Amino acid sequence: MTIPRTSRARLAGRFLWHYAEMVVAMLLGMLLLGMLWDAVLPEITRIDVSTLLMAADMTIGMAVWMRVRRHGRPGIAEMSVAMFAPFLILLVPYWLGVLPGHLVMSIGHVLMFVFMALAMLRRPAEYTHPLPRLRVRPKWAWRTGVVLIALLIPGAVAAVNTIGKFGGLYEARADAVSAVPASRTHDPAKPTVALLTSESGTNVADLLGPYEVLAGTGLVNTYIVSPGARLIPLTGGLDLVPDLTFDELGRLLAERRDTLDAVVIPALQKPDPAELGAITGWLRQQSAAGALTVSVCAGARTFAASGLLDGRTATSHWLRLSGLRADYGKVSWVAGRRYVDDGNMITTAGVLSGVDGGLRIIERLIGTDAASAAAARVHWRHYSPGGSTKIPENALEPGDAVVGLNASYQPGPSAIGVQVSEGVGEIELASAFISYTEHAMVGRTVAVGDGTVRSRHGLTFVPRSTLAAAAEDLGRLLVPGLEAAQRRSLGTGPSAATGGLRPEYLHTSAEFAFDPVLRDIARTYDVRTAQWTAKTLEYPVFDVKLTGSAWPWPATVIPVVLALLGGGAAVIGGIVFRRLRSS
């Protein structure tokens with residue numbers, strides 16, 4: 001029997017409408033579930049993990065809608081396979097290093113729409129029959145509303161807290177402050193090393209770790225440089241005055257008839273295009289002139305953007321490697337190594353690997369004995385003379401959810417003042433500003449002090465507030481630096497009378513500066529958070545005794561309580577509304 005044209009058109013319309021409905025449901029699933037994961041999970045940087053999670057979000061949205069439209073389980077299963085299959089197929093060449101990560105996403109989406117249409121054509125009758133009217137039972141609508149309201153409150157709290165903590169890590173200070181760096185004596189007989197900064201922000205540990213290692217030797221001219229002369233925000237509310245601009249460094253070296261021996265690139269916080277262009281151009285110029293170029297952690301991204309790493313082997317932080325592989329396919333990225341020395345270019349793994357990066361520079365420019373002495377000076381126990389060491393190839397684990405809980409619901413002392421005092425060690429300073437914020441995410445720090453402060457090896461910092469002005473807003477007052485603790489024992493340090501806060505001296509004995517900080521995080525917050533902090537610092541803590549609560553139970557209980565309160569309020573409100581309407 002021949003089907004009339006109008007009937008065929010109607011069937012085609014139903015088929016296309018069915019397809020459009022599932023696409024909308026798929027997109028809603030990706031959007032809503034993606035927002036949920038962003039709120040409760042740490043940042044996912046692995047391309048394969050984020051791809052599979054996105055495919056799962058879309059499949060769940062589509063499957064829920066198909067069930068609402070009364071499709072059978074075989075049809076839903078087939079459609080789910082059709083949506084997942086393209087990404088699973090494309091991830092195989094990605095894992096083999098043949099296909100870049102960005103193509104997995106783009107090609108996968110195109111194939112997914114094709115596979116969905118093929119799955120529908122396999123069961124044409126199921127997708128061309130009249131769509132049943134949506135009949136939502138009042139009971140189920142009511143229950144769904146209660147659940148949504150119950151989730152809304154903890155979700156809103158998580159969003160506000162997470163945005164507040166992550167968004168403020170490199171926030172520039174609001175007031176206009178001018179300060180000049182300490183004057184330096186340049187010795188042309190010594191090697192010269194420049195460490196980069198960006199006006200958008202610079203990772204405090206990536207920068208100050210290798211700086212103290214190098215400057216502490218007394219055998220290296222060490223400068224913090226920036227494209228322009230301005231105050232640089234470092235992680236967690238610490239502001240640094242660079243020693244020189246690019247142009248000033250060039251003039252200084254020309255006057256002394258000297259050359260730049262090495263450049264260190266820490267993680268820079270997304271410089272604007274103009275600044276990034278100035279930085280990458282300057283890096284290419286210094287490399288062409290023979291300078292050893294070294295990146296620390298995510299500083300490898302700026303290094304790769306310069307094109308200098310093309311065709312080279314490199315490493316970076318374990319959380320960043322998948323993104324770097326996707327964006328810079330011409331670089332051979334490797335994991336599980338403290339640093340990669342590839343001729344005139346060195347790249348290090350995450351954060352505290354910069355200490356080894358600084359030591360490797362000393363080995364290359366001066367010698368192993370000087371590097372060994374530098375490692376002992378900062379109490380770095382993991383120095384391997386003459387070569388890189390293997391480190392764990394870390395990946396995200398279920399227990400790492402602590403960072404999401406801390407970012408969203410940590411009720412502990414979250415406003416932390418850090419007293420910046422004269423003569424503080426650079427690594428001591430970095431340990432206080434990065435550990436509680438960017439890694440543990442238990443709170444926000446702010447530098448407090450009286451006027452401009454010089455660090456142990458001549459860097460210039462400008463605190464954002466005085467202790468007297470900030471004390472009322474602070475939950476804790478941390479004082480980094482062994483010298484500060486020793487001055488306190490002589491009665492010259494901050495006193496508890498200042499704003500009623502009890503100063504907590506982080507460094508009271510000669511040890512690597514991050515050890516007492518990790519012990520404090522374990523004791524004040526929980527051990528799992530301290531372990532996560534060490535993991536993201538890429539710092540082994542097998543010989544550091546961490547004691548305290550095993551898990552952030554208060555941060556875990558809070559969202560449950562908020563959900564119960566929201567659900568209870570919804571139930572009570574619904575009961576009151578029904579009674580008022582029936583009266």
Side-chain angles (χ1 to χ4, degrees), residues 19 22-23 25-38 40-64 66 75-120 122 298 300-301 304 309-337 340 349-350 391-401 404 535-536:
Y19 187 85
M22 288 194 296
V23 169
M26 170 192 77
L27 294 175
L28 285 174
M30 180 176 65
L31 175 64
L32 298 176
L33 291 174
M35 292 172 59
L36 174 62
W37 306 142
D38 288 343
V40 302
L41 294 178
E43 182 183 7
I44 298 174
T45 56
R46 286 190 53 167
I47 293 295
D48 48 1
V49 174
S50 61
T51 298
L52 293 175
L53 185 60
M54 178 203 63
D57 293 344
M58 293 189 296
T59 302
I60 291 170
M62 178 275 307
V64 168
M66 287 184 71
I76 296 174
E78 285 178 5
M79 189 60 68
S80 299
V81 171
M83 294 183 69
F84 252 101
F87 299 103
L88 290 173
I89 293 169
L90 291 169
L91 282 174
V92 173
Y94 168 75
W95 286 324
L96 294 175
V98 177
L99 188 68
H102 68 278
L103 289 182
V104 173
M105 286 285 193
S106 56
I107 297 175
H109 277 88
V110 173
L111 291 179
M112 180 188 66
F113 286 114
V114 174
F115 282 24
M116 286 174 63
L118 292 175
M120 292 175 67
R122 181 168 165 21
R301 177 166 288 277
L309 286 179
D310 288 355
R312 300 293 192 108
T313 301
T315 192
S316 183
H317 194 288
W318 61 271
L319 269 172
R320 306 297 179 190
L321 281 173
S322 61
L324 289 168
R325 288 190 181 105
D327 295 338
Y328 299 99
K330 295 181 181 179
V331 183
S332 177
W333 299 100
V334 298
R337 295 163 68 176
V340 172
I391 58 175
E393 295 187 30
N394 288 310
L396 290 173
E397 304 167 314
D400 296 338
K535 179 178 177 178
T536 51

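Worth saying up front: this structure is predicted, and the values here are computed from it rather than measured.
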* Supply the atom-to-atom distance Glu393 CD to Arg337 CZ, rounded to the nearest 0.5 angstrom. => 10.5 Å
* Shortest non-hydrogen contact from Trp333 to Tyr328? -> NE1-O, 3.1 Å
* **Within-4.5 Å side-chain heavy-atom neighbours: Met26 and Met22** => no
* Asked: Can you tell me how far the CG atom of Leu31 sits from the CG atom of Asp57, to the nearest 0.5 Å?
  -> 10.0 Å
* Asked: Where do Leu324 and Val331 land on the side-chain contact (heavy atoms from CB on, under 4.5 Å) test, with the steps shown first?
  -> CA-CA 9 Å; Leu324 289 168; Val331 183; over 6 Å; no
* Structure fact -> Between the NE2 atom in His109 and the CE atom in Met58, the distance rounded to the nearest 0.5 Å is 4.0 Å
* **Taking every non-hydrogen atom, the tightest pair across Tyr19 and Phe113** => OH-O, 3.0 Å
* Are the side chains of Leu33 and Ile60 in touch, meaning some heavy atoms are under 4.5 Å apart? -> yes
* Could I get the full list of side-chain hydrogen bond (donor to acceptor under 3.5 Å, both in side chains) partners for Arg312, not counting sequence neighbours? => Asn344
* Structure fact -> Ala298 meets the side-chain contact (heavy atoms from CB on, under 4.5 Å) criterion, sequence neighbours left out, with Ala267, Arg320
* How close do Thr315 and Ala349 get, heavy atom to heavy atom, and via which atoms? -> CG2-N, 3.7 Å
* Asked: About how many Å separate CZ of Arg325 and CG of Asp327, when rounded to the nearest 0.5 Å?
  -> 12.5 Å
With a cut-off of 3.5 Å and sequence neighbours excluded, list every side-chain donor-acceptor pair involving residues 79-99.
from: Ser80; atom 1: OG; to: Ile76; atom 2: O; distance (Å): 2.9
from: Trp95; atom 1: NE1; to: Asp48; atom 2: OD2; distance (Å): 2.9

* Asked: Where do Trp318 and Thr536 land on the side-chain contact (heavy atoms from CB on, under 4.5 Å) test, with the steps shown first?
  -> CA-CA 8 Å; Trp318 61 271; Thr536 51; 4.2 Å; yes
* Identify the heavy atoms of Ala300 and Leu309 that sit nearest to each other, and give their distance. => O-CD1, 4.1 Å
